[in-house]
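In what follows, chains are A, B, ... by sequence order, proteins preceding strands, each numbered from 1. Remember, it's a predicted structure, so these values are computed and weren't measured experimentally.
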2 protein chains.
Amino acid sequence: MSLAYDLNDAPNGAAAPAAALTRVLDLLGARATYTRNEEIYAQEDDVERLFRVISGVVRTTRVTIDGRRQVGDFYYPGDLFGLETGPLHEFSAEALTECQVESVRHAAVRTFAGDIELDRAILDATRRELRRVQGHVMLLGKKGAREKVAAFLLGLAEHEQFGGVDLPMGRQDMADYLGLTIETVSRMLTQLQSDNVVQFPSSRRFRVTQRYALEAIAE
Amino acid sequence: MSLAYDLNDAPNGAAAPAAALTRVLDLLGARATYTRNEEIYAQEDDVERLFRVISGVVRTTRVTIDGRRQVGDFYYPGDLFGLETGPLHEFSAEALTECQVESVRHAAVRTFAGDIELDRAILDATRRELRRVQGHVMLLGKKGAREKVAAFLLGLAEHEQFGGVDLPMGRQDMADYLGLTIETVSRMLTQLQSDNVVQFPSSRRFRVTQRYALEAIAE
DNA sequence: CGGTTAATTGAACGCATTCAACACGAGTGG
DNA sequence: CCACTCGTGTTGAATGCGTTCAATTAACCG
């Protein structure tokens with residue numbers, strides 16, 4: 001599964017429409033900075049703006065009446081978010097880390113309608129989001145804890161810098177993303193480490209030591 | 001959660017764009033009839049067409065390398081399907097029941113590009129699909145078997161005719177949709193029945209006897 | 001350094017799975 | 001009409017995986 005797609009490497013080479021969005025955001029977008037855990041928009045808020053991460057990481061979550069939390073996804077620099085379906089947000093968005101976000105009102109974007117390229121860009125972004133969520137369904141559907149955690153780490157490893165990947169989210173966020181508990185996540189992590197598949201110098205940083213094996217576990 | 005949205009009751013009153021799609025499908029769409037379990041398109045096939053169910057029910061599924069199956073969703077008359085993201089289908093689509101399907105090549109739709117309304121219609125449909133899949137994530141994420149099955153039945157009850165709802169899918173399909181086994185699904189069904197929340201005159205037909213209670217269980 | 005939050009580990013429990021047997025219904029043929 | 005079969009659904013008993021509850025350790029920050 002995949003946690004994030006960069007705007008710049010659309011799978012079908014749709015770089016041009018993405019560029020159109022970039023253009024509009026650059027032109028009309030307002031930048032804002034959020035501190036750790038600050039809310040960007042709330043569940044049930046009106047859908048008014050389209051967002052893009054400039055720096056830092058954003059997390060979307062949804063809480064059910066009885067208090068259970070589901071993490072929707074994590075968004076990295078370049079990712080669009082807030083492109084939800086209805087008039088109201090199904091998920092809320094919060095700054096996972098200190099982060100900078102650019103946003104533009106849908107209404108403002110709409111004044112650019114007629115710009116086919118722009119419409120395409122939004123459609124593409126929505127499709128990418130759809131694929132992402134479908135991946136999430138596969139992950140949650142019929143996978144064991146070990147596989148889920150392995151898949152999650154693999155997804156993060158996409159953003160690998162040389163010298164290891166860092167985990168901006170805590171265990172609780174991982175658990176709520178994977179449909180597990182923190183304890184299980186923790187156990188699986190230590191287990192994967194003792195199997196020499198990954199290595200954790202610290203609890204928020206890891207390195208894939210056997211990518212192939214990790215992929216095999218994640219399937 | 002919701003299993004299906006009708007084209008005619010878009011949540012934001014976007015009836016006009018939907019009409020544009022209807023128009024194009026009526027104009028350029030080809031109809032085909034499929035028999036029970038016949039494949040409409042396969043996983044990894046090129047994404048070439050946009051489909052709409054005329055009659056019967058369609059199921060999308062994805063099979064992992066190791067043979068586990070995940071049901072994506074069930075599509076009812078009026079529903080669009082096949083609006084996937086990439087160049088290749090992530091899921092396959094099969095006729096769950098004998099059914100009639102209308103489809104049109106994306107290329108053909110694209111010759112209508114410039115028609116803003118049409119672009120909007122496809123975007124809206126994709127957004128609706130996105131919401132549907134997000135609902136599926138919530139369902140799979142942190143719910144027990146009982147809740148999952150209750151939620152599933154509630155979703156189906158949307159298509160309730162007077163005199164009960166019918167279950168076009170077998171237990172295995174339900175299980176693969178919910179991330180459970182057939183046995184568990186079966187157990188939960190009998191349990192819900194003995195709690196007098198639903199009633200099964202036959203294994204493929206049910207009636208909600210206490211909607212409020214069922215909703216409470218599904219949360 | 002203490003104080004606080006986050007992460008790990010252990011042990012007991014419970015829910016869903018697994019494996020197996022049985023029941024039911026529809027269709028077929030004697 | 002009964003016997004037989006095949007597919008599908010239900011039920012039972014035992015196992016196992018992930019959870020729960022509790023205690024400990026590690027990381028972070030003043």
Side-chain angles (χ1 to χ4, degrees), chain A residues 35-37 59 66-71 96-98 139-153 156 164 166-195 198-206 217 219, chain B residues 35-37 59 66-71 96-98 139-153 166-195 198-206 217 219:
Chain A
T35 62
R36 198 156 143 35
N37 287 322
R59 164 192 70 209
D66 62 325
R68 282 173 296 189
R69 199 177 76 131
Q70 176 68 48
V71 168
L96 178 60
T97 65
E98 185 96 5
L139 187 59
L140 293 173
K142 275 212 181 309
K143 283 196 172 173
R146 201 184 152 75
E147 300 168 79
K148 285 181 179 178
V149 173
F152 183 81
L153 293 181
L156 283 181
D166 90 20
L167 282 169
M169 70 291 291
R171 299 294 186 264
Q172 188 64 60
D173 283 333
M174 295 175 58
D176 290 343
Y177 178 79
L178 298 173
L180 297 171
T181 59
I182 27 175
E183 294 94 331
T184 302
V185 169
S186 182
R187 274 184 250 276
M188 293 306 121
L189 289 175
T190 51
Q191 192 180 313
L192 287 171
Q193 188 171 212
S194 55
D195 291 351
V198 291
Q199 197 182 345
F200 284 80
S202 88
S203 69
R204 292 296 188 97
R205 172 160 284 277
F206 74 98
I217 294 167
E219 358 241 64
Chain B
T35 62
R36 198 159 142 37
N37 286 322
R59 166 192 66 210
D66 61 327
R68 282 172 297 189
R69 199 178 76 130
Q70 176 69 47
V71 169
L96 178 59
T97 66
E98 186 97 5
L139 187 59
L140 293 172
K142 275 213 182 307
K143 284 197 172 174
R146 201 184 152 76
E147 303 168 78
K148 285 181 179 177
V149 173
F152 184 79
L153 293 181
D166 85 27
L167 283 170
M169 69 293 289
R171 300 293 186 264
Q172 187 64 60
D173 282 334
M174 294 175 58
D176 289 344
Y177 178 79
L178 297 173
L180 297 171
T181 59
I182 26 175
E183 294 95 331
T184 302
V185 169
S186 183
R187 273 183 250 274
M188 293 306 121
L189 289 175
T190 51
Q191 193 181 315
L192 287 171
Q193 189 172 211
S194 56
D195 291 351
V198 292
Q199 197 183 344
F200 284 80
S202 87
S203 70
R204 291 296 187 100
R205 172 161 282 278
F206 74 98
I217 294 167
E219 355 245 69

Taking salt bridge (Lys or Arg N to Asp or Glu O under 4.0 Å) as the test, write out the residues that go with B:E219, two or more places apart.
A:R68
So CG of B:D66 and CD of A:E147: to nearest 0.5 Å the spacing works out to 7.0 Å
Mind checking the CE-CZ spacing from A:M169 to A:F152? Nearest 0.5 Å is all I need.
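CZ of A:F152 is found 4.0 Å from CE of A:M169.
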Could you check how far [atom1] of [X] sits from [atom2] of [N], rounded to whole Å?
| X | N | atom1 | atom2 | answer |
| --- | --- | --- | --- | --- |
| B:Q172 | D:dT10 | CD | C1' | 14 Å |
| B:N37 | D:dG7 | CG | P | 13 Å |
| A:L178 | D:dG18 | CG | C1' | 13 Å |
| A:K148 | D:dG18 | NZ | P | 8 Å |
| A:K143 | D:dC17 | NZ | P | 18 Å |

At a heavy-atom distance below 4.0 Å, which nucleotide of DNA chain C is the first touched by chain A, and which is the last?
C:dA6 to C:dA11
Under the rule for side chain to side chain donor-acceptor pair (under 3.5 Å), what residues qualify as partners of B:S186, not counting sequence neighbours?
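Listed in chain order: nothing, the list is empty.
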Please examine the side chains of A:V149 and A:L180, heavy atoms only from C-beta on, and report whether any two atoms are closer than 4.5 Å.
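A side-chain contact exists here, since the closest heavy-atom pair is under 4.5 Å.
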Any heavy-atom pair between the side chains of A:F206 and A:L156 that's under 4.5 Å?
yes
With the sugar-phosphate defined as primed atoms, P, OP1 and OP2, and the base as all remaining atoms, what B/S/- string results for nucleotides 20-30 of chain D, 5' to 3', for protein heavy atoms under 4.0 Å?
BBB--------
Classify B:L180 by what it touches in the nucleic acid, base, sugar-phosphate, or nothing, heavy-atom distance under 4.0 Å.
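Result for B:L180 = sugar-phosphate.
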Pairs meeting criterion salt bridge (charged side-chain N to carboxylate O under 4.0 Å, His left out) with involvement of residues 175-186 of chain A, two or more places apart
A:R69-A:D176
For B:S202, which residues count as a side chain to side chain contact (heavy atoms under 4.5 Å, CB included) partner, sequence neighbours excluded?
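With sequence neighbours excluded, B:S202 shows a side chain to side chain contact (heavy atoms under 4.5 Å, CB included) to B:R204, B:R205, given in chain and number order.
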Toward the 5' end of DNA chain C, by each residue's nearest nucleotide, A:K142 or A:V185:
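Per heavy-atom nearest nucleotide, the more 5' residue is A:V185.
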